[in-house]
*Asks:* 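Just passing along the structure, written as C-alpha coordinates.
Numbers restart at 1 for each chain; the letters A, B, ... are given by sequence-line order, proteins then strands.
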Protein chains: 2
Amino acid sequence: MDDFEPIKKHFAKYIELTSEEEARLISFFKVKNVRKKQMIVQPDFTCKYRTYIVKGAMRAYLADDKGQTHTIAFAIEDWWISDFNSYINQVPATLFVEALEDTRVIQIDYHSEQLLMDTIPKFERFFRIAAQQSFAFLQKRMLSNLSKTAEERYDEFFQKYPSIVNRVPQYTLASYLGFTTEFLSKIRSRKK
Amino acid sequence: MDDFEPIKKHFAKYIELTSEEEARLISFFKVKNVRKKQMIVQPDFTCKYRTYIVKGAMRAYLADDKGQTHTIAFAIEDWWISDFNSYINQVPATLFVEALEDTRVIQIDYHSEQLLMDTIPKFERFFRIAAQQSFAFLQKRMLSNLSKTAEERYDEFFQKYPSIVNRVPQYTLASYLGFTTEFLSKIRSRKK
DNA sequence: AAATAAAGTTGAACTGGTTCAACTTTATTT
DNA sequence: AAATAAAGTTGAACCAGTTCAACTTTATTT
(Lines give C-alpha, C1' and ligand atoms only; values in the text may rest on other atoms or scores of the structure.)
Protein backbone atom coordinates (compact mmCIF):
# COMPACT_ATOMS: atom_id res chain seq x y z
CA MET A 1 0.00 0.00 0.00
CA ASP A 2 1.91 2.99 -1.23
CA ASP A 3 -0.74 5.26 0.31
CA PHE A 4 0.91 4.65 3.67
CA GLU A 5 4.34 6.03 2.82
CA PRO A 6 3.62 9.67 3.65
CA ILE A 7 1.94 8.89 6.96
CA LYS A 8 4.77 6.58 7.98
CA LYS A 9 7.22 9.40 7.36
CA HIS A 10 4.94 11.71 9.25
CA PHE A 11 5.08 9.55 12.38
CA ALA A 12 8.82 9.08 11.92
CA LYS A 13 9.33 12.82 12.26
CA TYR A 14 8.31 12.61 15.92
CA ILE A 15 8.90 9.03 17.08
CA GLU A 16 11.07 6.07 16.07
CA LEU A 17 9.10 2.90 15.59
CA THR A 18 10.27 -0.68 15.21
CA SER A 19 8.87 -2.44 12.18
CA GLU A 20 6.48 -4.40 14.43
CA GLU A 21 5.18 -1.22 15.97
CA GLU A 22 4.78 0.34 12.58
CA ALA A 23 2.88 -2.71 11.35
CA ARG A 24 0.63 -2.47 14.38
CA LEU A 25 -0.06 1.18 13.66
CA ILE A 26 -0.82 0.56 10.01
CA SER A 27 -3.17 -2.31 10.86
CA PHE A 28 -5.49 0.30 12.39
CA PHE A 29 -5.54 2.58 9.36
CA LYS A 30 -8.44 2.73 6.97
CA VAL A 31 -8.11 4.37 3.59
CA LYS A 32 -11.14 6.25 2.31
CA ASN A 33 -11.95 8.33 -0.74
CA VAL A 34 -14.16 11.34 -0.29
CA ARG A 35 -15.75 13.22 -3.17
CA LYS A 36 -15.68 17.00 -3.35
CA LYS A 37 -18.41 18.60 -1.18
CA GLN A 38 -18.94 15.39 0.75
CA MET A 39 -18.91 15.67 4.57
CA ILE A 40 -16.98 13.31 6.80
CA VAL A 41 -18.16 14.95 10.04
CA GLN A 42 -21.53 16.53 10.80
CA PRO A 43 -23.06 18.23 13.86
CA ASP A 44 -24.76 15.94 16.38
CA PHE A 45 -22.85 12.85 15.31
CA THR A 46 -19.84 11.96 17.42
CA CYS A 47 -16.63 12.16 15.45
CA LYS A 48 -15.20 8.64 15.41
CA TYR A 49 -12.05 9.25 13.42
CA ARG A 50 -8.89 11.24 13.34
CA THR A 51 -8.31 11.92 9.65
CA TYR A 52 -5.00 12.30 7.80
CA ILE A 53 -4.96 13.64 4.24
CA VAL A 54 -3.04 11.64 1.65
CA LYS A 55 -4.18 13.72 -1.31
CA GLY A 56 -6.69 16.53 -1.52
CA ALA A 57 -8.00 19.33 0.68
CA MET A 58 -10.63 19.73 3.38
CA ARG A 59 -11.98 22.30 5.79
CA ALA A 60 -13.67 22.17 9.20
CA TYR A 61 -16.29 24.82 9.81
CA LEU A 62 -19.07 26.04 12.03
CA ALA A 63 -22.41 27.01 10.49
CA ASP A 64 -24.06 29.72 12.57
CA ASP A 65 -27.74 30.60 12.95
CA LYS A 66 -27.50 33.39 10.34
CA GLY A 67 -26.44 30.91 7.68
CA GLN A 68 -22.80 31.98 7.68
CA THR A 69 -19.92 29.55 7.91
CA HIS A 70 -16.74 30.03 9.94
CA THR A 71 -13.72 28.00 8.95
CA ILE A 72 -11.71 26.80 11.93
CA ALA A 73 -9.20 24.76 9.92
CA PHE A 74 -7.94 23.86 6.47
CA ALA A 75 -6.03 20.69 5.78
CA ILE A 76 -4.08 19.53 2.74
CA GLU A 77 -1.58 16.71 2.13
CA ASP A 78 0.19 15.53 5.30
CA TRP A 79 -2.18 17.36 7.70
CA TRP A 80 -4.76 16.04 10.13
CA ILE A 81 -8.34 17.22 10.44
CA SER A 82 -11.49 16.45 12.43
CA ASP A 83 -13.88 18.05 14.87
CA PHE A 84 -11.17 17.78 17.44
CA ASN A 85 -13.32 18.53 20.47
CA SER A 86 -15.83 15.92 19.43
CA TYR A 87 -13.09 13.39 18.74
CA ILE A 88 -11.01 13.69 21.90
CA ASN A 89 -13.95 13.98 24.26
CA GLN A 90 -16.21 11.65 22.27
CA VAL A 91 -19.11 14.08 22.41
CA PRO A 92 -21.42 15.11 19.55
CA ALA A 93 -19.76 17.28 16.91
CA THR A 94 -20.67 20.91 16.36
CA LEU A 95 -18.66 21.26 13.15
CA PHE A 96 -18.80 20.07 9.59
CA VAL A 97 -15.72 18.64 7.93
CA GLU A 98 -16.07 18.79 4.17
CA ALA A 99 -13.89 17.85 1.21
CA LEU A 100 -12.92 20.86 -0.92
CA GLU A 101 -11.62 18.53 -3.63
CA ASP A 102 -11.86 14.81 -4.27
CA THR A 103 -9.72 13.66 -1.36
CA ARG A 104 -8.03 10.48 -0.20
CA VAL A 105 -7.69 10.13 3.54
CA ILE A 106 -6.38 7.69 6.13
CA GLN A 107 -8.42 7.35 9.29
CA ILE A 108 -7.79 5.92 12.71
CA ASP A 109 -10.68 5.43 15.07
CA TYR A 110 -10.86 6.61 18.65
CA HIS A 111 -10.68 3.22 20.34
CA SER A 112 -7.74 2.05 18.26
CA GLU A 113 -5.91 5.23 19.14
CA GLN A 114 -6.54 4.66 22.84
CA LEU A 115 -5.39 1.09 22.51
CA LEU A 116 -2.19 2.16 20.74
CA MET A 117 -1.41 4.66 23.47
CA ASP A 118 -2.18 2.17 26.22
CA THR A 119 0.13 -0.45 24.80
CA ILE A 120 2.96 1.59 23.26
CA PRO A 121 3.95 4.77 25.11
CA LYS A 122 5.64 6.17 22.00
CA PHE A 123 2.21 6.78 20.55
CA GLU A 124 1.22 8.73 23.61
CA ARG A 125 4.26 10.85 22.87
CA PHE A 126 3.30 11.30 19.27
CA PHE A 127 -0.17 12.56 20.11
CA ARG A 128 1.18 14.74 22.88
CA ILE A 129 3.55 16.49 20.50
CA ALA A 130 0.83 16.80 17.87
CA ALA A 131 -1.55 18.42 20.36
CA GLN A 132 1.10 20.77 21.69
CA GLN A 133 2.05 21.93 18.20
CA SER A 134 -1.59 22.41 17.29
CA PHE A 135 -2.14 24.46 20.38
CA ALA A 136 0.90 26.67 19.73
CA PHE A 137 -0.25 27.16 16.15
CA LEU A 138 -3.75 28.16 17.19
CA GLN A 139 -2.43 30.57 19.80
CA LYS A 140 -0.49 32.38 17.10
CA ARG A 141 -3.56 32.57 14.93
CA MET A 142 -5.65 33.87 17.83
CA LEU A 143 -3.09 36.59 18.56
CA SER A 144 -2.95 37.51 14.90
CA ASN A 145 -6.73 37.90 14.90
CA LEU A 146 -6.64 40.01 18.04
CA SER A 147 -3.84 42.32 16.94
CA LYS A 148 -3.93 42.67 13.15
CA THR A 149 -6.20 44.20 10.53
CA ALA A 150 -8.01 42.12 7.92
CA GLU A 151 -5.49 43.03 5.25
CA GLU A 152 -2.51 42.22 7.46
CA ARG A 153 -3.99 38.81 8.25
CA TYR A 154 -4.54 38.14 4.57
CA ASP A 155 -0.96 39.12 3.72
CA GLU A 156 0.38 36.95 6.52
CA PHE A 157 -1.64 33.95 5.38
CA PHE A 158 -0.68 34.50 1.77
CA GLN A 159 2.99 34.55 2.68
CA LYS A 160 2.75 31.51 4.96
CA TYR A 161 0.47 29.32 2.82
CA PRO A 162 0.60 30.52 -0.78
CA SER A 163 -0.37 27.04 -2.00
CA ILE A 164 -3.61 27.06 -0.01
CA VAL A 165 -4.67 30.52 -1.14
CA ASN A 166 -5.11 29.47 -4.74
CA ARG A 167 -6.58 26.12 -3.95
CA VAL A 168 -9.60 26.83 -1.76
CA PRO A 169 -12.74 28.86 -2.54
CA GLN A 170 -12.30 32.49 -1.56
CA TYR A 171 -15.29 32.53 0.74
CA THR A 172 -13.72 29.75 2.82
CA LEU A 173 -10.49 31.72 3.14
CA ALA A 174 -12.36 34.89 4.12
CA SER A 175 -14.31 32.96 6.74
CA TYR A 176 -11.04 31.54 8.10
CA LEU A 177 -9.45 34.97 8.35
CA GLY A 178 -12.52 36.47 9.98
CA PHE A 179 -14.11 38.74 7.40
CA THR A 180 -16.50 38.60 4.45
CA THR A 181 -15.86 37.27 0.99
CA GLU A 182 -16.78 40.69 -0.44
CA PHE A 183 -14.14 42.35 1.67
CA LEU A 184 -11.49 39.85 0.59
CA SER A 185 -12.37 40.67 -2.97
CA LYS A 186 -11.82 44.37 -2.23
CA ILE A 187 -8.51 43.75 -0.48
CA ARG A 188 -7.30 41.85 -3.52
CA SER A 189 -8.48 44.41 -6.03
CA ARG A 190 -6.57 47.21 -4.33
CA LYS A 191 -3.36 45.18 -4.53
CA LYS A 192 -3.09 45.42 -8.33
CA MET B 1 4.22 21.48 52.21
CA ASP B 2 0.52 22.16 52.09
CA ASP B 3 1.03 24.22 48.94
CA PHE B 4 1.28 20.97 47.00
CA GLU B 5 -2.16 19.61 47.85
CA PRO B 6 -4.07 21.30 45.01
CA ILE B 7 -1.53 20.38 42.35
CA LYS B 8 -1.45 16.76 43.53
CA LYS B 9 -5.22 16.62 43.15
CA HIS B 10 -4.87 18.26 39.80
CA PHE B 11 -2.59 15.51 38.49
CA ALA B 12 -4.81 12.88 40.11
CA LYS B 13 -7.72 14.01 37.94
CA TYR B 14 -5.92 12.66 34.88
CA ILE B 15 -3.44 10.01 36.04
CA GLU B 16 -3.02 7.70 39.02
CA LEU B 17 0.41 7.93 40.60
CA THR B 18 2.08 5.70 43.16
CA SER B 19 3.42 7.55 46.16
CA GLU B 20 6.98 7.16 44.80
CA GLU B 21 5.96 8.66 41.48
CA GLU B 22 4.20 11.49 43.24
CA ALA B 23 7.27 12.14 45.37
CA ARG B 24 9.40 12.21 42.22
CA LEU B 25 7.05 14.72 40.64
CA ILE B 26 7.03 16.96 43.69
CA SER B 27 10.80 16.89 43.93
CA PHE B 28 10.86 18.88 40.69
CA PHE B 29 8.46 21.57 41.85
CA LYS B 30 9.61 24.98 42.93
CA VAL B 31 7.30 27.32 44.82
CA LYS B 32 7.59 30.99 44.03
CA ASN B 33 5.82 34.16 45.13
CA VAL B 34 5.24 36.83 42.56
CA ARG B 35 4.16 40.35 43.42
CA LYS B 36 1.38 42.08 41.54
CA LYS B 37 2.59 43.60 38.23
CA GLN B 38 5.75 41.50 38.27
CA MET B 39 6.54 39.56 35.08
CA ILE B 40 7.57 35.91 35.07
CA VAL B 41 8.01 35.75 31.29
CA GLN B 42 9.29 38.44 28.93
CA PRO B 43 9.87 38.66 25.18
CA ASP B 44 13.28 37.49 23.94
CA PHE B 45 13.96 35.31 26.97
CA THR B 46 13.21 31.63 26.56
CA CYS B 47 10.46 30.49 28.88
CA LYS B 48 12.06 27.93 31.20
CA TYR B 49 9.03 27.01 33.30
CA ARG B 50 5.53 25.70 33.11
CA THR B 51 3.68 27.58 35.86
CA TYR B 52 0.77 26.38 38.00
CA ILE B 53 -1.15 28.87 40.12
CA VAL B 54 -1.66 27.99 43.77
CA LYS B 55 -3.20 31.33 44.73
CA GLY B 56 -3.64 34.51 42.72
CA ALA B 57 -4.18 35.51 39.09
CA MET B 58 -2.03 36.10 36.02
CA ARG B 59 -2.36 36.91 32.36
CA ALA B 60 -0.25 36.23 29.25
CA TYR B 61 -0.29 38.97 26.64
CA LEU B 62 1.24 40.30 23.47
CA ALA B 63 2.33 43.94 23.31
CA ASP B 64 2.01 45.21 19.74
CA ASP B 65 3.86 48.03 17.96
CA LYS B 66 1.02 50.52 18.62
CA GLY B 67 1.39 50.09 22.37
CA GLN B 68 -1.72 47.97 22.75
CA THR B 69 -1.81 44.69 24.65
CA HIS B 70 -3.66 41.55 23.60
CA THR B 71 -4.44 39.01 26.30
CA ILE B 72 -4.12 35.44 25.10
CA ALA B 73 -4.81 33.81 28.47
CA PHE B 74 -5.89 34.37 32.03
CA ALA B 75 -5.07 31.96 34.82
CA ILE B 76 -6.33 31.70 38.37
CA GLU B 77 -6.10 28.97 41.04
CA ASP B 78 -5.55 25.47 39.61
CA TRP B 79 -4.70 26.71 36.09
CA TRP B 80 -1.43 26.64 34.18
CA ILE B 81 0.14 29.56 32.36
CA SER B 82 3.26 30.37 30.34
CA ASP B 83 4.33 31.49 26.88
CA PHE B 84 3.45 28.04 25.70
CA ASN B 85 5.11 28.28 22.29
CA SER B 86 8.32 29.45 23.88
CA TYR B 87 8.16 26.74 26.52
CA ILE B 88 7.45 23.70 24.39
CA ASN B 89 9.77 24.64 21.56
CA GLN B 90 12.36 26.28 23.81
CA VAL B 91 12.57 29.37 21.63
CA PRO B 92 12.56 33.02 22.73
CA ALA B 93 9.24 34.24 24.12
CA THR B 94 7.08 36.81 22.36
CA LEU B 95 4.68 37.27 25.25
CA PHE B 96 4.67 38.75 28.71
CA VAL B 97 3.25 36.79 31.62
CA GLU B 98 2.36 39.13 34.47
CA ALA B 99 0.82 38.75 37.90
CA LEU B 100 -2.51 40.56 38.24
CA GLU B 101 -2.41 40.04 42.02
CA ASP B 102 0.21 38.89 44.48
CA THR B 103 0.42 35.29 43.35
CA ARG B 104 1.91 32.03 44.59
CA VAL B 105 2.93 29.61 41.86
CA ILE B 106 4.50 26.19 41.46
CA GLN B 107 6.91 25.80 38.58
CA ILE B 108 8.43 22.86 36.78
CA ASP B 109 11.30 23.44 34.40
CA TYR B 110 11.52 22.16 30.85
CA HIS B 111 14.28 19.62 31.38
CA SER B 112 12.64 18.12 34.46
CA GLU B 113 9.42 17.76 32.53
CA GLN B 114 11.22 15.95 29.71
CA LEU B 115 12.92 13.70 32.21
CA LEU B 116 9.62 12.86 33.88
CA MET B 117 8.06 11.96 30.55
CA ASP B 118 11.09 9.91 29.51
CA THR B 119 11.05 7.85 32.68
CA ILE B 120 7.35 7.60 33.55
CA PRO B 121 4.94 7.30 30.61
CA LYS B 122 2.02 8.41 32.78
CA PHE B 123 3.42 11.91 32.69
CA GLU B 124 3.48 11.82 28.95
CA ARG B 125 -0.20 11.00 29.19
CA PHE B 126 -0.85 13.85 31.58
CA PHE B 127 0.72 16.42 29.31
CA ARG B 128 -0.97 14.95 26.26
CA ILE B 129 -4.37 15.33 27.86
CA ALA B 130 -3.52 18.82 29.07
CA ALA B 131 -2.48 19.91 25.58
CA GLN B 132 -5.54 18.35 23.95
CA GLN B 133 -7.89 20.07 26.36
CA SER B 134 -6.12 23.38 25.86
CA PHE B 135 -6.41 23.02 22.13
CA ALA B 136 -10.11 22.19 22.27
CA PHE B 137 -10.67 25.16 24.56
CA LEU B 138 -8.84 27.53 22.25
CA GLN B 139 -10.72 26.27 19.23
CA LYS B 140 -13.99 27.14 20.92
CA ARG B 141 -12.71 30.60 21.73
CA MET B 142 -11.51 31.11 18.17
CA LEU B 143 -14.92 30.11 16.80
CA SER B 144 -16.63 32.40 19.25
CA ASN B 145 -14.44 35.28 18.04
CA LEU B 146 -15.19 34.45 14.41
CA SER B 147 -18.94 34.09 14.80
CA LYS B 148 -20.13 36.36 17.61
CA THR B 149 -20.45 40.07 18.28
CA ALA B 150 -18.50 41.83 21.01
CA GLU B 151 -21.49 41.88 23.32
CA GLU B 152 -22.26 38.20 22.77
CA ARG B 153 -18.66 37.30 23.59
CA TYR B 154 -18.79 39.36 26.74
CA ASP B 155 -22.04 37.72 27.85
CA GLU B 156 -20.63 34.28 27.15
CA PHE B 157 -17.47 34.99 29.12
CA PHE B 158 -19.45 36.49 31.96
CA GLN B 159 -21.61 33.41 32.18
CA LYS B 160 -18.69 30.98 31.94
CA TYR B 161 -16.23 32.78 34.22
CA PRO B 162 -18.13 35.15 36.50
CA SER B 163 -15.34 34.95 39.07
CA ILE B 164 -12.71 36.19 36.63
CA VAL B 165 -14.80 39.11 35.38
CA ASN B 166 -14.74 40.90 38.71
CA ARG B 167 -11.18 40.02 39.51
CA VAL B 168 -9.14 41.31 36.58
CA PRO B 169 -8.74 44.88 35.28
CA GLN B 170 -11.37 45.65 32.64
CA TYR B 171 -8.84 46.57 30.00
CA THR B 172 -7.33 43.10 30.23
CA LEU B 173 -10.73 41.50 29.78
CA ALA B 174 -11.53 43.74 26.80
CA SER B 175 -8.19 42.86 25.23
CA TYR B 176 -8.93 39.16 25.77
CA LEU B 177 -12.34 39.41 24.14
CA GLY B 178 -10.99 41.41 21.21
CA PHE B 179 -12.26 44.96 21.65
CA THR B 180 -11.40 48.17 23.46
CA THR B 181 -11.78 48.98 27.11
CA GLU B 182 -14.02 51.93 26.18
CA PHE B 183 -16.35 49.67 24.30
CA LEU B 184 -16.57 47.23 27.19
CA SER B 185 -17.53 50.13 29.39
CA LYS B 186 -20.32 51.00 26.96
CA ILE B 187 -21.56 47.42 26.74
CA ARG B 188 -21.80 47.34 30.52
CA SER B 189 -23.55 50.66 30.84
CA ARG B 190 -26.31 49.64 28.45
CA LYS B 191 -27.02 46.55 30.58
CA LYS B 192 -28.38 48.49 33.56
C1' DA C 1 -4.43 62.19 54.94
C1' DA C 2 -2.95 64.21 50.92
C1' DA C 3 -1.00 63.59 46.52
C1' DT C 4 -0.46 61.06 42.51
C1' DA C 5 -1.08 57.60 39.39
C1' DA C 6 -3.85 54.12 37.27
C1' DA C 7 -8.28 52.43 35.80
C1' DG C 8 -12.81 53.22 34.22
C1' DT C 9 -16.59 56.29 31.98
C1' DT C 10 -18.85 59.20 28.65
C1' DG C 11 -19.78 61.53 24.34
C1' DA C 12 -18.76 63.09 19.59
C1' DA C 13 -16.53 62.21 15.39
C1' DC C 14 -14.85 58.72 12.70
C1' DT C 15 -13.51 54.27 10.05
C1' DG C 16 -12.69 49.37 8.88
C1' DG C 17 -15.38 46.19 7.56
C1' DT C 18 -20.50 44.66 6.56
C1' DT C 19 -24.69 44.34 4.03
C1' DC C 20 -27.41 44.22 0.11
C1' DA C 21 -28.22 44.02 -4.58
C1' DA C 22 -26.93 43.80 -9.29
C1' DC C 23 -23.68 42.02 -12.22
C1' DT C 24 -19.72 39.03 -14.30
C1' DT C 25 -17.01 35.03 -14.40
C1' DT C 26 -16.11 30.20 -13.66
C1' DA C 27 -17.61 25.49 -12.78
C1' DT C 28 -20.93 21.85 -13.07
C1' DT C 29 -24.77 19.47 -14.98
C1' DT C 30 -27.70 18.02 -18.74
C1' DA D 1 -22.68 22.90 -26.40
C1' DA D 2 -26.16 24.98 -23.92
C1' DA D 3 -28.20 25.70 -19.54
C1' DT D 4 -27.82 26.36 -14.83
C1' DA D 5 -25.77 26.90 -10.62
C1' DA D 6 -22.05 28.45 -7.78
C1' DA D 7 -18.35 31.66 -6.87
C1' DG D 8 -16.38 36.10 -7.22
C1' DT D 9 -16.73 41.40 -8.09
C1' DT D 10 -18.23 46.13 -7.56
C1' DG D 11 -20.47 50.13 -5.58
C1' DA D 12 -23.46 52.62 -2.32
C1' DA D 13 -25.40 52.87 2.10
C1' DC D 14 -24.68 51.53 6.56
C1' DC D 15 -23.10 50.19 11.39
C1' DA D 16 -20.33 47.88 15.09
C1' DG D 17 -16.67 49.07 17.20
C1' DT D 18 -12.55 52.66 17.45
C1' DT D 19 -10.33 56.87 18.56
C1' DC D 20 -9.57 60.86 21.06
C1' DA D 21 -10.15 63.85 24.75
C1' DA D 22 -12.07 65.33 28.97
C1' DC D 23 -13.67 63.76 33.11
C1' DT D 24 -14.64 60.70 37.44
C1' DT D 25 -13.56 57.02 40.38
C1' DT D 26 -10.50 53.83 42.60
C1' DA D 27 -5.84 52.35 44.01
C1' DT D 28 -1.25 53.20 45.38
C1' DT D 29 2.44 55.87 47.19
C1' DT D 30 4.39 59.30 50.26
*Asks:* Tell me whether the OP1 or OP2 atom of C:dG8 has a side-chain N or O from B:Q170 closer than 4.0 Å.
*Replies:* yes
*Asks:* Find the distance between OG1 (A:T119) and CD (A:E21) and round it off to the nearest 0.5 Å.
*Replies:*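 If we round to the nearest 0.5 Å, A:T119:OG1 and A:E21:CD are 9.0 Å apart.
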*Asks:* For DNA chain D, which residues in residues 146-167 of chain A have a heavy atom at a distance below 4.0 Å?
*Replies:*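 Hits under 4.0 Å, by residue number: none.
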*Asks:* What's touching nucleotides 24-26 of chain C from the protein side, N or O pairs under 3.5 Å?
*Replies:*
none

*Asks:* Sort out the partner of D:dC14 for me: Watson-Crick or G-U wobble, both distances under 3.5 Å, none otherwise.
*Replies:* C:dG17
*Asks:* Checking all strands, does B:T181 fall into the base, sugar-phosphate, or nothing category for heavy-atom contacts under 4.0 angstrom?
*Replies:*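 Contact class for B:T181: none.
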*Asks:* Rounding to a whole Å, what distance do you find between B:F183:CZ and C:dG17:C1'?
*Replies:*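 Value for this atom pair: 14 Å.
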*Asks:* My understanding is that only one of B:Y171, B:F74, B:Y154 makes a ring pair (Phe, Tyr, Trp, His ring centres under 6.0 Å) with B:Y176; could you say which?
*Replies:* B:F74
*Asks:* Can you tell me the pairing partner of C:dC23 across any strand shown, Watson-Crick or G-U wobble, with both distances under 3.5 angstrom?
*Replies:* D:dG8
*Asks:* Does any donor-acceptor pair link the side chain of B:K186 with the base of D:dT19 at a separation under 3.5 Å?
*Replies:* yes
*Asks:* Base, sugar-phosphate alone, or nothing: which one does B:K37 contact when heavy atoms must sit under 4.0 Å apart?
*Replies:*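 Sugar-phosphate contact only.
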*Asks:* Are A:F96 and B:L146 connected in a single hydrophobic cluster, I mean Ile/Leu/Val/Met/Phe/Trp/Tyr linked by side-chain heavy atoms less than 4.5 Å apart?
*Replies:*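 B:L146 does not cluster with A:F96.
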*Asks:* Would you mind reading off the distance between B:Q68 atom CD and D:dG17 atom P, rounded to a whole angstrom?
*Replies:* 16 Å
*Asks:* When the distance from NZ of B:K191 to C1' of C:dT9 is rounded to whole Å, what number comes out?
*Replies:* 17 Å
*Asks:* For the pair made of CZ in A:R190 and C1' in C:dG17, what is the distance, rounded to whole Å?
*Replies:*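 Interatomic distance, CZ of A:R190 to C1' of C:dG17: 9 Å.
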*Asks:* Apply the ring pair (Phe, Tyr, Trp, His ring centres under 6.0 Å) test between A:H10 and each candidate in A:F126, A:F4, A:F29, A:W79; give the one that qualifies.
*Replies:*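 Going through A:F126, A:F4, A:F29, A:W79 one by one, the ring pair (Phe, Tyr, Trp, His ring centres under 6.0 Å) with A:H10 is satisfied by A:F126 alone.
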*Asks:* Checking ring pair (Phe, Tyr, Trp, His ring centres under 6.0 Å) between A:F135 and each of B:Y87, B:F84, B:F135, which is the one that passes?
*Replies:*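 Only match with A:F135 under ring pair (Phe, Tyr, Trp, His ring centres under 6.0 Å): B:F84.
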*Asks:* Using a distance-only test with no angle check, is there a side-chain donor-acceptor pair under 3.5 angstrom linking B:T71 and B:S175?
*Replies:*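 Yes, B:S175 and B:T71 have a side-chain donor paired with an acceptor closer than 3.5 Å.
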*Asks:* With a non-hydrogen cut-off below 4.0 angstrom, is B:K66 in contact with a base, only sugar-phosphate, or nothing?
*Replies:*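 Counting heavy atoms under 4.0 Å across all strands, no contact is made by B:K66.
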*Asks:* Whole angstroms only, please: what is the NZ-C1' distance between A:K36 and C:dA27?
*Replies:* 7 Å
*Asks:* Can you tell me the Watson-Crick or wobble partner of D:dT28, both distances under 3.5 angstrom?
*Replies:* C:dA3
*Asks:* The test is side chain to side chain donor-acceptor pair (under 3.5 Å); show your working for B:R188 and B:Q170 and say whether it passes.
*Replies:* CA-CA 11 Å; B:R188 289 185 146 173; B:Q170 308 315 318; 2.8 Å; yes
*Asks:* How many angstroms lie between atom NZ of B:K36 and atom OG1 of B:T103, to the nearest 0.5 angstrom?
*Replies:* 10.0 Å
*Asks:* Starting at atom CZ of A:F179, determine the distance to atom P of D:dT9, rounded to an integer number of angstrom.
*Replies:* 12 Å
*Asks:* For residues B:A60 and B:S82, report the shortest heavy-atom separation together with the two atoms involved.
*Replies:* CB-O, 4.3 Å
*Asks:* Within this structure, what is the OH-to-C1' distance between A:Y171 and D:dA6, rounded to whole angstrom?
*Replies:* 8 Å
*Asks:* Output the distance between atom CE (A:M142) and atom CD (B:Q139), rounded to the nearest 0.5 Å.
*Replies:*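 With rounding to 0.5 Å, CE (A:M142) is 12.0 Å from CD (B:Q139).
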*Asks:* Grab the CD-P distance between A:E182 and D:dA12 for me, whole Å please.
*Replies:*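 It is 16 Å, rounded to the nearest whole Å.
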*Asks:* Ignoring backbone atoms, test whether B:T180 places a side-chain nitrogen or oxygen under 4.0 Å from the OP1 or OP2 oxygen of D:dT18.
*Replies:*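 Answer yes for this pair, as a side-chain N or O of B:T180 is under 4.0 Å from OP1 or OP2.
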